Each structure stands twice: as structure tokens, then as C-alpha cells.
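Okay, structure first, notes after.
A note on names: the letters A, B, ... follow the listed sequences, proteins ahead of strands, and every chain is numbered from 1. If you're wondering where the values come from, they're calculated on a predicted model, not measured in any experiment.
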There are 2 protein chains.
Amino acid sequence: MERGLNRKRREYLTRRADILSAAEKVFAAKGFFGSTMDEIAKRAEFGTGSLYKYFRGKKDLYFSLIDEKVGEVTRLLRAELDKDLSPIGKIESMLYLQLSFIQRDRDFFKIYVSDRTRFEWTIKDELGKRVHKKFIAYLSALEEVMRDGIERGQFKEMDPRDMAHGFVGIVNSFVFEWIMSPGAYSLVSKAPTIMNIFFEGVRSLKERR
Amino acid sequence: MERGLNRKRREYLTRRADILSAAEKVFAAKGFFGSTMDEIAKRAEFGTGSLYKYFRGKKDLYFSLIDEKVGEVTRLLRAELDKDLSPIGKIESMLYLQLSFIQRDRDFFKIYVSDRTRFEWTIKDELGKRVHKKFIAYLSALEEVMRDGIERGQFKEMDPRDMAHGFVGIVNSFVFEWIMSPGAYSLVSKAPTIMNIFFEGVRSLKERR
DNA sequence: TCCATTTTTGAATTTTTATTCAATTTTTGA
DNA sequence: TCAAAAATTGAATAAAAATTCAAAAATGGA
């Protein structure tokens with residue numbers, strides 16, 4: 001992954017990753033304001049001051065965490081979009097990708113879900129903006145797929161942006177529910193239901209005009 | 001509304017409401033942690049200490065605000081549910097009710113949307129729990145409508161709980177988008193789109209099997 | 001081994017605000 | 001009009017935690 005780096009640099013990055021991983025657990029459990037640098041340091045087995053050699057401060061640590069993980073998913077999703085699939089195929093494979101990623105990294109998404117909606121930061125903070133941009137980019141990519149589907153006559157004539165919102169809404173809702181619940185079931189297993197609601201709707205076929 | 005109260009009590013309640021209204025604006029603009037009691041007091045034209053005669057503290061002020069507003073919507077929704085309408089009719093009228101309420105009270109919903117997802121409180125805080133319970137109750141009521149729709153053969157055979165989640169997901173997504181955007185368009189105008197996606201799905205009818 | 005350089009440390013400092021409370025102002029009822 | 005009661009005030013207090021930094025420890029090359 002990291003090529004052409006000397007040992008020093010590699011070790012630095014490893015320690016940095018260790019801190020991020022400790023922070024992930026603490027933030028997931030207590031939220032941004034509920035977590036202290038002391039606790040994160042303790043968990044990462046560093047002195048409090050050391051964290052400041054790796055990150056500018058608490059906010060920087062927090063957003064680095066989010067930014068890197070979101071970047072990772074984004075890259076995966078983009079790769080999926082580049083494959084030669086039908087619009088429905090793309091949406092389906094993106095959905096599975098997301099759900100399994102989230103399922104694998106529950107701690108992180110507890111943070112992400114709970115903060116995507118924090119306006120103060122999303123709007124004012126430089127770091128917050130960066131994260132929000134990635135969400136917007138995802139939404140645009142999705143919109144593009146929708147537009148393609150409409151052009152091919154596979155989807156209804158409807159504002160593709162509205163379609164994209166509808167889709168992420170359904171997904172988020174199931175993710176939220178899964179994260180809130182004590183974690184008994186598989187998130188990925190909800191994919192067919194999500195696809196079904198979004199593509200076919202819930203109205204009974206018997207009644208269809 | 002307040003019947004049989006003496007002037008003292010009425011005046012007290014008016015002042016309390018004034019404070020809540022000032023708090024609503026401050027919290028909506030800066031979030032819970034970004035807002036100070038000083039600023040709320042100043043905006044409400046009271047001394048800082050006075051707020052503590054009306055509320056136990058900052059958290060109490062915050063949750064009172066949320067709890068009262070959510071209670072108001074909940075009552076309206078319940079009334080709508082008691083009317084004799086078809087399942088689709090109920091869902092549609094609830095949707096319009098919600099959207100117009102949110103549109104009318106944008107400041108408040110900026111707070112609500114951004115905090116429904118704060119786990120620490122929702123789960124640990126006594127006041128937070130109360131608010132969360134109302135959301136759960138709404139979800140259950142919705143589930144009941146879905147179940148009814150299935151029984152009447154109007155909706156597909158599908159877990160009614162999943163249906164309810166799908167629906168609130170789509171709604172939330174449009175609400176979120178509306179709150180984030182600089183407020184050019186009408187939220188209520190999105191209702192038909194929401195109904196359409198949820199009931200009919202986005203797949204083109206031409207292609208339908 | 002030695003010492004210069006880098007890294008780590010955690011106690012001390014600083015900042016920020018929620019909350020308190022003694023003093024002041026307003027209201028009340030006689 | 002007046003004094004007791006109620007309400008308001010905002011400066012002072014207290015608590016919490018982010019950040020800093022001088023000292024200590026670890027590292028690396030000669």
C-alpha cells in the first residue's frame with residue numbers, strides 16, 4: 001500500500017493508524033463531545049501530548065478518521081460504477097457493497113450516520129465541508145446512473161435527482177435502524193427489500209391500474 | 001388553549017414560551033454545543049440567571065423544546081390516523097401534514113433532524129429517551145397502517161415494519177435535502193414524488209414483467 | 001559507549017461556559 | 001403609599017477538558 005517509504009515514515013504511519021483506530025472506538029461509543037483526548041490517548045497507549053504530534057487537535061483527528069474511511073468507500077463505489085453493468089445492476093452492486101462495508105465497520109458508521117447531519121460543521125468547518133463534498137459526489141454519481149436508466153427506458157420519467165434522494169433515503173433508513181438496534185440481524189440481508197421497494201413500490205399488483 | 005389559569009400562571013407560561021422561541025433560533029443556528037446560555041438569554045431579553053427559573057439547565061431547555069414540538073406534530077398525526085380513510089389516504093394525508101409542518105417551522109426541524117441521530121443522548125439521557133420514544137411510536141403507528149393496507153390487499157405482502165422504514169427513509173431524505181439547501185423550493189411540492197416512488201417504484205412500466 | 005536528535009510524556013495552563021447566588025428591581029395586596 | 005414577596009440580574013464560581021511545553025526517554029550514527 002505505502003510504497004517507497006523508509007522505515008521511519010512507515011512506523012509513523014502505523015502509529016498514526018493506531019491512534020485513528022483507538023479514536024474510532026471511543027468516538028463511536030461516546031460521540032465527539034463525549035470523548036476526551038485523554039481517553040483516546042490512553043486507549044491508543046500514548047501520552048496525551050503525543051496525539052498532537054500526529055494531529056492538529058481533536059477536530060482534525062475526528063475528521064481525518066471520517067475523511068479516510070469515506071474516501072475508501074467512495075473509491076470502491078467508483079470502481080463499481082466503472083464496470084459495464086446495466087443501471088439496475090450498478091445500483092444493486094453498489095448497494096451490496098455499501099451494506100457489507102457498513103456491516104463490517106459498524107463502529108465507524110455509528111459516527112458517520114450520527115454526524116452527516118450536523119450542520120454547524122458540514123457548513124462552516126473546512127474539514128466538515130470536505131466530508132460533505134464526498135457525500136454530494138456520491139449523490140451526483142447516483143443521479144447519473146438514474147439518468148442513464150431513464151434514457152434507456154428502464155426507469156420512469158422522473159427527476160433523476162429526486163430518484164437518487166429517494167434511494168439514499170431508503171438505504172439510510174435501514175442502515176440507521178440496523179445501527180440503532182442491538183445488532184441481531186444481517187444488514188446485507190435487507191438489500192432485496194430495499195431494491196424491491198425502490199424499484200417496484202409497495203402497492204399491490206392486483207390493484208394496479 | 002390554557003384554560004382556568006390565573007394571570008400569574010399565564011404570564012409565566014408566556015415568558016417560558018418566549019425563552020423557548022429564542023432558544024429555538026439559537027440552537028438551530030449553532031447546534032447544542034455551539035449555543036451558550038448567555039446568547040439565548042440575551043436573545044430572549046432576560047438575564048442569564050433567569051433561564052434557570054424556567055428550566056433546570058441547558059439540556060432541559062433543549063429537550064423541552066424538542067419534546068413539545070414533537071408532541072404537537074404527534075397529536076396532529078394521531079388525529080389524522082383516527083379519521084376514516086383508506087391506508088393510502090392516511091399515508092398521503094400524514095405526509096402532507098408533516099411536510100407542511102416542517103416547512104412552517106424550518107428552524108426547529110434543523111435541530112430535530114440533526115439530533116435524532118445522536119446516540120449518546122437518545123440512549124442514555126432520560127429526556128433524550130422521551131423524544132426517541134415518540135419517534136418509535138410514530139413508526140409503530142405507520143407500521144399499523146401498512147399492515148392494514150396489506151390485509152386489505154392494497155399493498156404487497158412484505159414486512160410492514162420494513163415498509164414503514166422505507167417510507168420514513170424517503171421522507172427524511174427529502175426533508176434533509178430541503179433543510180440543507182438554501183430554501184428555494186417548496187417542500188410540500190415534493191409530496192407527489194414521494195408518494196410515487198414509495199407506492200409505484202421507479203422501474204419503467206414498459207419493462208415490467 | 002556516547003551524545004545529538006527525535007519522540008514521548010503528563011502535569012500545568014488556558015479557555016470556555018454552565019450554573020449559582022447575593023444584591024437589586026418589580027409586583028402585589030392592604 | 002408601603003413593606004413583604006416574587007422575579008430578575010449578571011458578576012463570581014466551578015468544573016471540565018483541549019492544548020502546551022519543559023523535562024525525560026528513546027533512538028541512531030560514529
TODO: Could you list where the contact with chain B starts and ends along DNA chain D, reading 5' to 3', using a 4.0 Å heavy-atom cut-off?
DONE: D:dT8 to D:dG10

Open item on the list: Looking at B:Lys134 and B:Asp67, is there a salt bridge between them, counting it only when a charged N and a carboxylate O are closer than 4.0 Å?
Closed with: yes

Partner residues of [X] under the salt bridge (Lys or Arg N to Asp or Glu O under 4.0 Å) criterion, sequence neighbours left out:
X        : answer
B:Glu144 : B:Arg147
B:Glu68  : B:Arg16
B:Arg106 : none

So, using side-chain hydrogen bond (donor to acceptor under 3.5 Å, both in side chains) as the criterion, who are the partners of [X] when residues are at least two apart?
X        : value
A:Lys25  : A:Ser21
B:Lys83  : B:Glu80
B:Arg56  : none
B:Asp105 : B:Lys69

TODO: Heavy atoms under 4.0 Å is the rule here; annotate nucleotides 6-22 of chain C 5' to 3' with B where the base is hit, S where only the sugar-phosphate is, and - elsewhere.
DONE: --BBB------SSBB--

Task: Base-pair map of DNA chain C as dot-bracket, where | denotes pairing with a different strand and pairs are Watson-Crick or G-U under 3.5 Å - done: ||||||||||||||||||||||||||||||

Task: Inter- and intrachain pairs under salt bridge (Lys or Arg N to Asp or Glu O under 4.0 Å), touching residues 179-195 of chain B, at least two apart - done: A:Asp162-B:Lys190

Would you list the atom pairs, donor with acceptor, under 3.5 Å between side chains in residues 37-48 of chain A and any protein atom, with sequence neighbours excluded?
| unit_1 | atom_1 | unit_2 | atom_2 | d |
| --- | --- | --- | --- | --- |
| A:Asp38 | OD1 | A:Thr48 | OG1 | 2.8 |
| A:Glu39 | OE1 | A:Lys30 | NZ | 3.2 |

